[in-house]
Amino acid sequence: MISAFFIFNQKGEVLISRLYRTDFKRSIADVFRIQVVSNSDVRSPIITLGSTSFFHVRINNLYVVAVTKTNANAALVFEFCYRFIIICKSYFGKIDEESIKNNFVLIYELIDEINDFGYPQNSEIDTLKSYITTESVVSTVNAAEESSKITSQATGATSWRRGDVKYKKNEAFVDVIEVVNLSMSAKGNVLRADVDGHIQMRAYLSGTPECKFGLNDKLVIDNNEKGTTDAVELDDCRFHQCVRLNDFDATRTISFIPPDGEFELMRYRSTSNVKLPLKIMPTVTEIGTTQVQYVITAKTNFNNKLSATNVVLRIPTPLNTTTVDCKVANGKAKYVPGENVVVWKIPRIQGGQEVTLTATASLTSMTHRQVWARPPIDVDFQVLMFTASGLIVRFLKVFEKGNYQSVKWVRYLTKANGTYQIRF
Amino acid sequence: MAQAGQDAKFFQRGKIEEFRAELQAAETKDKKYVKRKIALKKIVANITMGNDMSPLFTDVVQCLGTPLLEIKKMVYLFLVSYGRSKPDQIHLVIPNFLQDCNDRNPLIRALAIRTMSYIPIPVVTEALSENLRHCLKDRDAYVRKTAAICVAKLYTADPRRAEKGGFVEMLRDLMLDSNATVIANAVAALSEIGDRQDGVIFKLNLTTANKLLAALGESSEWGQIYILDSLLRYVPEQHSDAQTMAERIIVQLQHANSAVVLTTIKVLLYLMNYMEDRRLIDYCCKKMGPPLVTLLSSGPEVQYVALRNILLIIQRRPAVLKNDVKVFFCKYNDPIYVKLAKLEIMYRLARAENAPEVLAELQEYASEVDLDFVRKAVRSIGRLAIKVEAAADSCIQALLNLIETKVSYVVQEAVIVIKDIFRRYPGKYEGIIPTLCENLDLLDEPESKAAMVWILGQFANRIDNADELLDDLLYTFLDESVEVQLALLTASVKLFIYKSKSDTAKDLVHKVLKWATEEVDNPDLRDRGFMYWRMLAINPAVAGEIVLAEKPAITTDSDRMDRGALDQLLLHTGTLGSIYHKNPETFIRNATGKALIDSPALNTHSRAALVPLTRAQLPPTAISIPGPGPSEPRPDTVEPTSLVPLDADPEHESTDADAEAETIDDAGSDDEEPTVRRRPHDSSDPYSNLDSAFGNYMADEPRPMTAGNHRGRHNDEDDLLF
């Protein structure tokens with residue numbers, strides 16, 4: 001199990017250092033600094049030296065590091081690091097060197113609580129926030145009773161939810177967010193197209209609400225109403241701790257008592273009938289050794305009431321490019337020499353619309369001519385109220401003793417960030 | 001929502017005297033203890049920066065008098081950091097600890113025992129023991145779950161005391177607690193103790209295993225992992241027991257936490273060894289595939305863990321991911337470790353039906369920037385040609401296109417694999433030899449040079465100017481690496497046998513034999529030189545038969561690995577061992593190995609392939625616990641001398657075996673390259689074949705670094721405790 005936990009900044013300075021076991025000294029941090037922080041070519045998130053293994057996750061110029069001397073469960077160690085990052089974001093709004101330094105005492109409290117002797121313990125944010133706070137707590141008789149409530153929640157069957165939640169207006173927001181992975185060959189064939197989706201929920205519901213959630217998931221629909229055609233086939237889904245997996249397995253119903261506030265209800269993956277929101281048609285011609293000509297067309301492929309926003313195309317140029325002359329009717333295009341790309345930003349493209357960039361890159365002559373690797377064009381975008389998988393939320397029912405009315409909102413968002421790649 | 005802290009300003013190195021003065025000043029007129037809080041924050045920051053704050057021990061301990069929880073926690077953190085180094089002063093805080101152990105607030109009680117158990121010195125352990133006994137039976141589950149872990153800590157600090165005090169039995173009782181969190185922590189603590197070489201034996205019987213399973217639903221995600229993990233300590237006696245258990249846990253594959261998913265897969269793979277129902281086994285395999293693929297949408301680190309595990313799993317259970325090669329195609333911006341791991345899986349999943357797609361991808365990768373990745377991609381193209389006959393033509397064409405790029409490392413990789421392709425498909429592709437010969441100048445690494453020399457020698461009868469080419473290469477004979485020298489020697493002999501009439505060939509072989517036997521110090525090379533010389537002198541015709549004997553065809557059989565070894569390795573699914581594809585006891589000091597345990601339910605194939613634990617368990621020092629599991633017979637004790645010295649660099653041990661395996665006519669074909677250190681291929685190691693899909697190419701293979709690998713350190717520093 002985890003013997004030590006560290007946070008380093010980019011320079012390799014220790015911002016947090018907690019030894020859970022006596023098999024290491026603090027100086028073990030120096031080894032990590034030498035092996036990873038000052039090593040420009042780190043080729044693995046896990047490094048084992050002798051019997052000692054370092055696991056690290058990089059986030060905003062920080063290294064979150066766990067060290068062990070055992071045959072630790074690697075997935076668990078990384079999940080713990082990820083969870084730590086999520087907790088920090090929730091507590092401090094962000095995680096970076098500044099926020100770590102500003103809250104280091106609180107962080108020590110947190111990591112003493114969420115990990116004991118290297119074994120991750122309850123790390124549900126809602127519960128943690130009820131007793132690990134920045135406010136000064138005085139140990140009194142009152143506190144003892146309060147604490148008993150906390151402890152029974154922290155160890156209880158619904159450790160993610162406090163019992164005494166109250167809202168004037170009971171609301172639940174459901175965001176279906178899909179990330180499209182696309183890899184398109186130079187010939188225009190789809191090499192792979194799939195959707196990583198997750199359903200983010202913000203529940204502001206009083207008491208202990210029992211929720212039931214339904215999608216137009218194929219298995220469910222096949223079982224219930226034969227003949228519906230808009231069913232979506234999900235390859236796999238994974239659920240938040242609160243969802244009763246046995247119920248899902250038996251009847252495909254998603255039933256749960258939600259945590260209070262924001263959480264990720266489920267993740268899913270779909271590979272069939274993926275609707276690609278943007279079609280990119282690149283024509284890239286190398287003219288001799290001195291010029292490359294680009295004609296890049298992007299066409300939206302959805303209802304014209306919708307629109308793609310924040311569209312950014314990164315179009316690679318050869319390493320020996322000197323200048324690029326870009327012409328666009330929509331958005332702005334600029335050559336970024338440091339990254340060897342032309343960045344074309346289009347704030348909005350309406351459904352059914354088509355936009356084109358024409359550009360000419362001038363190259364310096366090189367004595368030693370290298371073949372240009374032609375990295376893929378990368379496209380980022382967002383499309384609201386559209387799901388590439390076709391998934392739709394069919395219902396969200398809330399049952400509670402109080403029998404209150406609740407308002408539910410659903411939003412859909414399909415996006416790509418670094419996952420939509422077109423070769424040319 | 002907590003308001004943002006403003007503590008960064010305390011993050012400055014300070015002097016002991018300043019802090020002492022600050023703390024003393026705070027003893028008077030410290031409204032709301034603000035001064036003390038600030039001083040302590042500065043001290044904690046300095047501990048973090050590695051500034052030794054231990055001289056402040058008595059001053060810091062004074063602060064325990066304040067009623068602020070925040071201050072208490074900081075003082076406790078100080079004690080956890082320095083308590084061990086102050087055995088003579090620690091008694092000062094014992095009364096505070098004891099008081100807290102009896103506090104009305106369960107959080108305080110838990111905090112006290114948690115902190116005490118972090119300070120493993122006798123005074124504290126003694127005080128802890130008495131209170132721990134109460135806390136293990138505390139009415140508050142939070143205290144009990146903390147106490148459970150404390151037992152593991154106590155056991156680490158003082159195994160005798162923990163056993164004599166009956167704490168292990170109390171832990172066992174906690175496995176039947178009413179609270180799932182307590183159960184999970186008790187299981188975690190027992191597992192930790194059970195994994196120690198001197199620990200007690202921790203096994204589960206069906207009744208207890210079922211009790212634990214019942215707690216699974218109410219456990220936190222981490223608790224689920226501890227419980228699932230412990231199921232490997234249960235040995236099914238009947239097929240139906242294994243099957244029922246598999247059915248019960250299979251729903252956990254849908255859990256959001258990747259460690260829950262991988263641990264569930266580990267248990268399922270384990271249980272499948274004891275199952276009979278083919279349909280259920282197939283169903284389990286089918287259910288495992290999608291969650292494994294879904295792990296690829298986690299963070300890159302978890303993706304990496306998943307990929308390394310997938311590589312193992314599909315070798316044992318190909319049904320898990322039969323038709324999914326596309327999801328393993330690399331994204332341009334994947335981290336390099338993810339790309340390299342995907343590449344191996346792509347090769348594993350390649351079949352005649354998907355070979356064109358896979359090849360197209362590999363060609364794409366061959367033009368990327370990362371050197372290791374490109375090399376591996378090129379090598380994979382060659383391996384694909386060897387594996388899938390239907391794709392061989394297009395793979396060869398792809399390799400020829402790559403050679404045309406004239407990029408040195410690409411060409412070298414291509415030459416290395418083409419040599420193997422020639423052996424796999426004799427008489428089919430030799431037409432491309434002239435193209436290879438045109439690129440002789442680009443080869444500057446031993447492996448590719450040796451491969452090319454082998455080709456020249458083997459096909460000297462088809463290459464008109466073979467003698468000229470060889471002669472050119474021989475200019476630098478004495479400066480070459482042994483690998484190339486051996487290849488040159490054999491090639492010259494082959495040339496001579498093909499063209500015994502030619503004077504050039506005669507001169508050439510004479511020259512090389514003379515060099516090899518007189519100018520070179522390497523005994524292998526000299527011996528081989530003498531042997532060739534004598535063979536040629538005694539009977540050139542027979543020499544020809546020997547040297548040009550028909551070679552066994554290369555197949556990808558070596559991809560198929562020892563099933564028993566794989567079964568054993570899969571018991572470590574999700575752990576470090578699964579990343580390195582090594583059993584933990586082979587690279588981690590004091591790690592316990594795992595092996596399938598025979599029972600009437602173990603299916604015959606698994607039993608036939610069963611690899612027993614090679615490493616002896618040390619005799620348990622004291623009591624073993626009867627129940628709740630069946631009492632176990634002690635394993636036969638073996639003297640610890642049979643242990644492999646863990647510090648020894650395993651790669652050195654293997655050199656002998658490698659040398660023995662070398663055969664004369666094969667110089668430069670499949671030999672281990674002596675200059676670049678590779679994985680051990682010890683013949684006694686059942687895992688030697690495990691990663692052989694890429695031939696000998698292991699430059700990018702993830703592996704633990706042995707002590708010898710980092711410069712100028714002694715072996716005993718593999719502990720990194722300097």
Side-chain angles (χ1 to χ4, degrees), chain A residues 14 17 26 28 31 43-46 48-53 57 71-76 78-79 91 101-105 108-109 116-117 119-120 122 133-134 136-139 143-144 147-148 151 154-155 157 159 192 196 235-236 238-241 245-246 249 269 371 373 375-376 418 421, chain B residues 2 5-8 11 41 48 50 67-70 73 77 104-107 140-142 145 149 153 179 181 188 218 220-222 225 251 254 256-259 262 290-291 294 297 301-302 305 326 329 332-333 336-337 367 405 574-577 579 584 588-589 591 702 704-705 707 718 720:
Chain A
V14 180
S17 144
R26 246 156 239 286
I28 193 73
V31 180
R43 303 181 74 88
S44 170
I46 306 175
T48 301
L49 292 158
S51 299
T52 303
S53 299
V57 173
N71 182 35
N73 184 330
L76 173 141
F78 283 130
E79 285 285 348
Y91 262 86
K101 277 186 166 176
N102 269 329
N103 298 285
F104 70 97
V105 177
Y108 275 119
E109 273 190 56
D116 194 2
F117 202 43
Y119 292 96
N122 187 312
T133 62
T134 44
S136 298
V137 179
V138 181
S139 184
S147 296
S148 293
T151 57
T155 57
S159 58
R192 92 173 257 214
D196 282 325
D235 290 46
D236 184 39
R238 287 162 67 180
F239 297 99
H240 184 271
Q241 171 81 10
L245 297 178
N246 282 315
D249 193 55
R269 203 158 47 75
V371 183
Q421 301 184 334
Chain B
Q6 295 293 325
D7 293 347
F11 235 84
K41 280 184 177 177
T48 304
L68 270 193
L69 189 57
E70 200 183 352
K73 284 187 175 174
L77 186 67
R104 292 189 44 178
N105 183 333
L107 287 170
D140 192 294
Y142 184 87
K145 75 112 188 169
I149 297 288
K153 294 188 215 168
N179 182 292
T181 308
E218 294 197 345
S220 74
E221 55 206 297
W222 314 111
I225 299 166
V251 298
Q254 249 65 60
N257 185 315
S258 66
L262 274 173
T294 302
S297 38
E301 295 82 10
V302 166
V305 176
K326 276 187 185 185
F329 288 177
Y332 189 76
N333 39 3
I336 183 64
Y337 50 84
S367 65
T405 63
T575 68
L576 272 177
I579 306 281
I588 297 172
R589 186 196 296 267
M705 293 183 241
D718 106 339
L720 297 169

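Numbered from 1 within each chain, the chains take letters A, B, ... in sequence-line order.
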Straight-line distance of [X] [atom1] to [Y] [atom2], nearest 0.5 Å:
X: A:Ser148; Y: B:Asn105; atom1: OG; atom2: CG; result: 7.0 Å
X: B:Phe329; Y: A:Arg192; atom1: CZ; atom2: CZ; result: 9.5 Å
X: A:Leu76; Y: B:Leu262; atom1: CG; atom2: CG; result: 10.5 Å

Which answer fits A:Asp196, side chain, backbone, both or neither, if we ask what part of it has an atom under 4.5 Å from a heavy atom of chain B? side chain

Applying a strict 4.5 Å limit to non-hydrogen atoms, the region of A:Glu109 in contact with chain B is side chain

Compute whether any side-chain donor of one residue and acceptor of the other, for [X] and [Y], lie under 3.5 angstrom apart.
X: A:Asn71; Y: B:Thr575; answer: yes
X: A:Tyr108; Y: B:Thr48; answer: yes
X: B:Asn333; Y: A:Gln421; answer: yes

Is there a side chain to side chain contact (heavy atoms under 4.5 Å, CB included) between B:Thr181 and A:Asn122? Walk through the geometry before answering. CA-CA 9 Å; B:Thr181 308; A:Asn122 187 312; over 6 Å; no

Kindly say whether [Y] contributes a backbone atom to a donor-acceptor pair with the side chain of [X] at under 3.5 angstrom?
X: B:Asn179; Y: A:Thr155; result: yes
X: A:Asn102; Y: B:Asp7; result: yes
X: A:Arg269; Y: B:Pro290; result: yes
X: A:Ser51; Y: B:Arg589; result: yes

Among [options], which residue has the highest count of heavy-atom pairs closer than 4.5 Å to chain A?
options: B:Lys153, B:Glu218, B:Lys326; value: B:Lys153
options: B:Leu107, B:Thr294, B:Ile336; value: B:Thr294
options: B:Ala141, B:Ser220, B:Gly574; value: B:Gly574
options: B:Val305, B:Ile149, B:Leu77; value: B:Ile149
options: B:Ile579, B:Thr405, B:Asp140; value: B:Asp140

Could you check if a side-chain atom of [X] sits within less than 4.5 angstrom of a side-chain atom of [Y], using non-hydrogen atoms only?
X: A:Thr48; Y: B:Leu576; answer: yes
X: A:Asp236; Y: B:Gln254; answer: yes
X: A:Pro120; Y: B:Glu221; answer: no

Indicate the atoms forming the closest heavy-atom contact of [X] with [Y], along with that distance.
X: B:Ala188; Y: A:Tyr119; answer: O-OH, 3.6 Å
X: B:Tyr337; Y: A:Ser44; answer: CD2-CA, 3.8 Å
X: B:Ser258; Y: A:Ala75; answer: OG-CB, 4.2 Å

Please identify, among A:Ser53, A:Pro375, A:Gly418, the residue contributing the most non-hydrogen atom pairs under 4.5 Å to chain B.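 Of the options given, most contacts go to A:Pro375.
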
Using a cut-off of under 4.5 Å for heavy-atom pairs, which of A:Ala74, A:Pro45, A:Ser17 has the most such pairs with chain B?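 Heavy-atom pair counts peak at A:Pro45.
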
Between A:Asp116 and B:Lys145, does any side-chain N to carboxylate O distance fall below 4.0 Å? no

